[in-house]
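First the structure, in the form of structure tokens, and then the observations on it.
Every number for a ligand or one of its atoms is a count from 1 in the order of the listing.
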Amino acid sequence: MGLIVQKFGGTSVGSAEKIQNAANRAIAEKKQGHQVVVVVSAMGKSTDSLVSLAKQITAQPSKREMDMLLATGEQVTISLLSMALQEQGYDAVSYTGWQAGIRTEHVHGNARITDINTSAVEDQLSEGKIVVVAGFQGMTEEGQITTLGRGGSDTTAVALAAALKADKCDIYTDVPGVFTTDPRYVKSARKLSGISYDEMLELANLGAGVLHPRAVEFAKNYLVPLEVRSSTETEAGTLIEEEPSMEQNLIVRGIAFEDQITRVTVSGLANGLTTLSTIFTALAKRNINVDIIIQTAAGDNKTGISFSVKSEDTDNTVAVLDEYKDALKFDQIETESKLAKVSIVGSGMVSNPGVAAEMFAVLAKKNIQVKMVSTSEIKVSTVISENDMVKAVEALHDAFELSKQASVV
Ligand code: ASP
Ligand code: MG
């Protein structure tokens with residue numbers, strides 16, 4: 001007998017029928033003799049609807065009230081799922097995040113879990129109940145309701161699995177697993193049977209929406225065996241683990257991409273000690289997320305900086321820089337939009353030099369100009385024109401043989 005944590009995302013609990021389907025999934029594990037905890041998201045797009053309701057009331061809702069509002073979404077699902085389980089003759093109980101002992105820091109809208117007191121959940125499990133927990137929410141020490149950031153139910157599930165020392169955490173979703181790249185764009189994309197925590201963390205941070213990055217962080221830190229799988233099909237999904245055993249050791253495991261990137265170039269900057277900190281502190285204060293940063297030397301005590309931002313932040317970025325024109329003494333700001341970021345990710349890069357070189361060669365062969373580059377130990381990201389994005393991903397997917405079937409080693 002083991003302990004299984006299951007998580008169902010919004011689309012997997014989007015109707016009464018789907019909630020019944022989720023209940024059946026929980027019952028199937030229970031019948032195997034396991035203890036079962038189920039973490040759920042709000043139904044369908046209901047969190048989006050709540051956000052838009054708030055926007056109809058005020059352009060700037062207070063963060064505390066926003067958390068009060070959004071935390072209601074998950075409560076609808078827990079009670080309905082519990083009823084569905086009871087209807088089938090199973091003992092079930094629903095818990096909000098705070099009832100399940102989920103403590104967070106005092107940050108509204110994007111709180112981190114600091115601690116989980118699992119005693120209430122454990123008591124219920126030992127009585128044989130299926131425990132249904134609201135994802136995405138917690139409570140501060142002072143008793144304030146917080147939420148964990150959009151997509152945060154994954155984090156609730158993995159954190160609970162870690163705290164309960166669960167044997168497994170299954171993330172049920174509307175896709176059958178983690179793919180080599182987005183199958184909506186690349187026909188030959190393949191479902192991976194396994195991927196490492198580090199690779200998944202890179203992909204999640206690069207915007208592969210299938211898992212919340214913090215959930216992967218938790219899984220990695222506490223070695224929680226995770227599986228991303230379909231809530232409608234019974235086939236195996238993708239295992240996320242320390243060393244994926246079922247996958248061939250390919251150098252590149254996946255390709256992530258994202259459009260609507262803008263490159264901002266500030267030239268003729270005073271090359272002072274505080275220039276960089278002034279620019280990036282000012283942008284951070286306005287919540288502008290800067291991604292790739294490149295500094296160029298220009299002699300004469302002058303320097304230049306290029307960095308990338310999401311295109312929606314372009315106007316704000318330029319406005320912030322203009323405010324600091326006197327302190328920074330730059331000549332001009334140029335922006336180039338309609339760019340995309342294409343990244344290759346794979347643990348095999350650590351021990352295989354020349355992967356970046358190969359990536360650049362593949363892009364050059366397709367006449368694709370690289371405008372910015374950034375790397376980590378297991379990732380190479382390039383910024384290219386948005387028009388070339390899909391062509392680049394296809395060429396790289398081909399060159400690094402990502403559509404090849406996995407072979408057991
Ligand atoms: N309901 C929340 C959201 O839509 C949390 C989640 O689904 O994970 O972001
Ligand atoms: Mg999600």
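Side-chain contact annotation: His106 with Gln144, donor-acceptor N/O pair under 3.5 Å absent. A donor-acceptor contact closer than 3.5 angstrom is absent between the side chains of Thr262 and Thr335. Using modelled atom types and a 3.5 Å distance limit, the side chains of Thr77 and Glu74 yield no donor-acceptor pair.
Using a non-hydrogen distance threshold of 4.0 Å, Gly152 registers as a contact of ligand 1.
Of all atoms in ligand 1, numbered sequentially from 1 with element shown, those under 4.0 Å from a heavy atom of Gly151 are 3 (C), 5 (C), 6 (C), 8 (O), 9 (O). Below 4.0 Å from some heavy atom of Ser41 lie the following atoms of ligand 1, by number and element: 6 (C), 7 (O), 8 (O).
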Which pairs would a plain distance check flag for residues 370-378, meaning a side-chain donor or acceptor within less than 3.5 Å of a matching protein atom at least two apart in sequence or in another chain?
| from | atom 1 | to | atom 2 | distance (Å) |
| --- | --- | --- | --- | --- |
| Lys371 | NZ | Glu336 | OE2 | 2.9 |
| Ser376 | OG | Glu202 | OE2 | 2.8 |
| Ser376 | OG | Ile378 | N | 3.2 |
| Ser376 | OG | Lys379 | N | 3.3 |

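Of the residues Thr173, Asp154, Thr155, the one that meets the side chain to side chain donor-acceptor pair (under 3.5 Å) test with Lys7 is Asp154.
Every side chain to side chain donor-acceptor pair (under 3.5 Å) that Glu258 has, sequence neighbours left out, goes to Lys310.
In terms of polar-atom proximity, Thr47 is counted as a contact of ligand 1, with an N or O under 3.5 Å from an N or O of the ligand. Residue contacts with ligand 1: Phe136 is placed with no nitrogen or oxygen under 3.5 Å of a nitrogen or oxygen of the ligand (distance criterion only).
For atom 1 (N) of ligand 1, the closest heavy atom belonging to the protein is Glu74 OE2, 2.6 Å. The protein heavy atom nearest to atom 9 (O) of ligand 1 is Arg150 NE, 2.6 Å.
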